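These figures come from a predicted structure and were not determined experimentally.
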Amino acid sequence: FSMGLFAKFKAGLQKTQAKLVHEIKRIVTRSPKLTAESLEEIEQALIAADLGMAMTQQIVAAVKLAYESQGTAGLDYLAIARAEIEKSLSSNKADLLKAPSGPTVVSIVGVNGTGKTTTSAKLAHYIQSQKKTVLLAACDTFRAAAIEQLKLWGTRLKVEVIASAYGSDAASVAHDAVTAAQARQVDYLFIDTAGRLHTKHNLMQELHKLHRVIGKQLPGAPHEVLLVLDGSTGMNALNQAREFNKAVPLTGLIVTKLDGTSKGGMVVAIQKELGLPIKFIGLGEQPDDLQPFDAKQFAQALFEE
């Protein structure tokens, strides 16, 4: 990865990083000796960044261990935290799957307002930048605005958008899109689905139907089902991911809006709890602000001094 990408990670995670690093330094400066009290404060700081209980305990345990074996001399808490997070995320497989032949179909799911439509378009842009071909499908047929928005993105990126009238059957639009993707022999088809809460049974049924229709037409499809989460909602996003994963078999996650929040640690918490790979993270408004997730650079940007 280029330095440019690391700069993006750093800028995007600036709010989380500033708060975390500031807090940990403050605690350590005030109490260079590691006491039960300062350990508890470090724990609080990590939890406040939404790193989650499991990850926080892992970091605290590593800090304690390092302290017991070498005292405070040259003990770098930030480096320890960074190493633990990197280790925890090292199994993350960020690459998009590729179907052995024919188009790879990716279904983009999530609740309303997480930025699914924009994310679908940015994914198309990413695929184009990899010199591959792509098609978009406007299957959020509940919202006329979503169809228009995707068409606008299509025009801007010069990507064909398969769409139908507002209120039409999402599964039949998906069917048409797969047919078009096969006919045009594109590498990827991204399907923008309607926002839905995991608790709405009928909407979940509709999503199952959409996936069933695609699978009938192209065995193995959808090859990826990616859940889009709004990073600024912190632990609330973790609950969404947990519930969604029960309702629909997910293959990965995309976390958007990380640039405006100090809760960037939730990326780690979600990956650790669900064991689902984080495929992309969104660090801004521009098409290329959606970046493939890189664990090492993420951990570094989080605890960079």
Side-chain angles (χ1 to χ4, degrees), residues 1-9 12-13 85-110 114-116 118-137 157 159 178 181 185-193 211 214-215 218-229 231 237 241 244-245 248-256 258 264 266-284 286-302:
F1 281 131
S2 63
M3 196 50 210
L5 178 55
F6 182 58
K8 271 205 161 75
F9 268 70
L13 293 165
I85 285 179
E86 216 177 292
K87 198 165 74 186
S88 174
L89 294 173
S90 63
S91 63
N92 192 75
K93 297 271 178 285
D95 299 337
L96 273 180
L97 294 174
K98 181 76 192 87
S101 67
T104 302
V105 181
V106 182
S107 177
I108 307 293
V109 304
T114 53
K116 279 186 309 304
T118 305
T119 299
S120 303
K122 286 180 180 181
L123 282 168
H125 172 74
Y126 170 75
I127 290 298
Q128 282 179 319
S129 74
Q130 305 280 301
K131 305 283 181 275
K132 296 188 180 96
T133 53
V134 62
L135 210 56
L136 285 163
L157 299 172
V159 170
V178 174
Q185 299 182 320
V186 296
D187 298 311
Y188 280 89
L189 164 64
F190 292 106
I191 297 178
D192 179 29
T193 71
H211 287 173
I214 300 169
L218 180 61
H223 305 92
E224 293 259 30
V225 180
L226 303 180
L227 176 68
V228 180
L229 297 163
F244 240 95
N245 198 28
V248 186
L250 300 171
T251 58
L253 306 167
I254 296 178
V255 185
T256 62
L258 279 171
M266 54 75 82
V267 171
V268 185
I270 288 180
Q271 212 278 338
K272 194 160 175 66
E273 177 170 333
L274 297 177
L276 281 167
I278 310 246
K279 299 269 182 174
F280 291 85
I281 58 176
L283 300 163
Q286 297 310 311
D288 58 355
D289 286 333
L290 186 74
Q291 289 291 344
F293 183 68
D294 178 306
K296 195 179 170 72
Q297 299 203 343
F298 182 83
Q300 226 178 327
L302 214 50

Chi angles and distances behind the side chain to side chain contact (heavy atoms under 4.5 Å, CB included) call for Y188, V106:
CA-CA 7 Å; Y188 280 89; V106 182; 4.1 Å; yes
Run the side chain to side chain contact (heavy atoms under 4.5 Å, CB included) test on T119 and L226 for me, step by step, so that the C-alpha distance in whole Å, both residues' side-chain angles and the decisive distance to 0.1 Å come before the verdict.
CA-CA 11 Å; T119 299; L226 303 180; over 6 Å; no
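Judged as a side chain to side chain donor-acceptor pair (under 3.5 Å), and not counting sequence neighbours, the contacts of N92 are Q271. Residues satisfying the side chain to side chain donor-acceptor pair (under 3.5 Å) test with T104, not counting sequence neighbours, are K98. Qualifying salt bridge (charged side-chain N to carboxylate O under 4.0 Å, His left out) partners for D187, counting only residues two or more places apart in sequence or in other chains: none. For H223, there are no side chain to side chain donor-acceptor pair (under 3.5 Å) partners at least two apart in sequence or on another chain. By the side-chain contact (heavy atoms from CB on, under 4.5 Å) test, T118 is found to be paired with K122, Q149, W153, residues two or more places apart in sequence or in another chain being considered. By the ring-ring contact (aromatic ring centres under 6.0 Å, His included) test, F298 is found to be paired with F293, residues two or more places apart in sequence or in another chain being considered. Listed by chain and residue number, E224 satisfy the side chain to side chain donor-acceptor pair (under 3.5 Å) test with K279 (two or more places apart in sequence, or in another chain). Residues satisfying the salt bridge (charged side-chain N to carboxylate O under 4.0 Å, His left out) criterion with K93, sequence neighbours excluded, are absent altogether. Residues passing the side-chain contact (heavy atoms from CB on, under 4.5 Å) test with Q185: none are found, sequence neighbours excluded.
Of all heavy-atom pairs spanning P292 and F9, the tightest one is O-CZ, 3.9 Å. Scanning all heavy atoms of the two residues, the minimum distance from P103 to A99 falls at O-CB, 3.8 Å. The two residues H211 and V248 come nearest to each other via the heavy atoms CE1-CG1, 3.9 Å. I214 and A221 get closest at one heavy-atom pair: CG2-CB, 3.4 Å. Here the closest heavy-atom approach between residue V109 and residue S107 is recorded as CG1-OG, 3.6 Å. Taking each heavy atom of L123 and F280 in turn, the nearest pair found is CD2-CE1, 3.5 Å.
Atoms CG and CG, on L258 and D289 in that order, are 11.5 Å from each other to the nearest 0.5 Å. Atom-to-atom distance recorded for I278:CD1 and L89:CG is 7.5 Å, nearest 0.5 angstrom. Distance check: L276 CG to T251 OG1 gives 8.0 Å after rounding to the nearest 0.5 Å. Annotation: the span from L250 atom CG to L274 atom CG amounts to 8.5 Å, rounded to 0.5 Å. Atom-to-atom distance recorded for L136:CG and L189:CG is 8.0 Å, nearest 0.5 angstrom. Between the CG atom of L157 and the CD1 atom of I127 there is a distance of 12.5 Å, given to the nearest 0.5 Å.
Annotation: K272, atom NZ; neighbour count of heavy atoms from other residues, nucleotides and ligands within 6.0 Å is above 12.
Formation of a donor-acceptor pair under 3.5 Å by the S129 side chain with backbone atoms of Y126 is found in this model.
Shown are L253, T256, T114; of these, the side-chain contact (heavy atoms from CB on, under 4.5 Å) with L229 is made only by L253.
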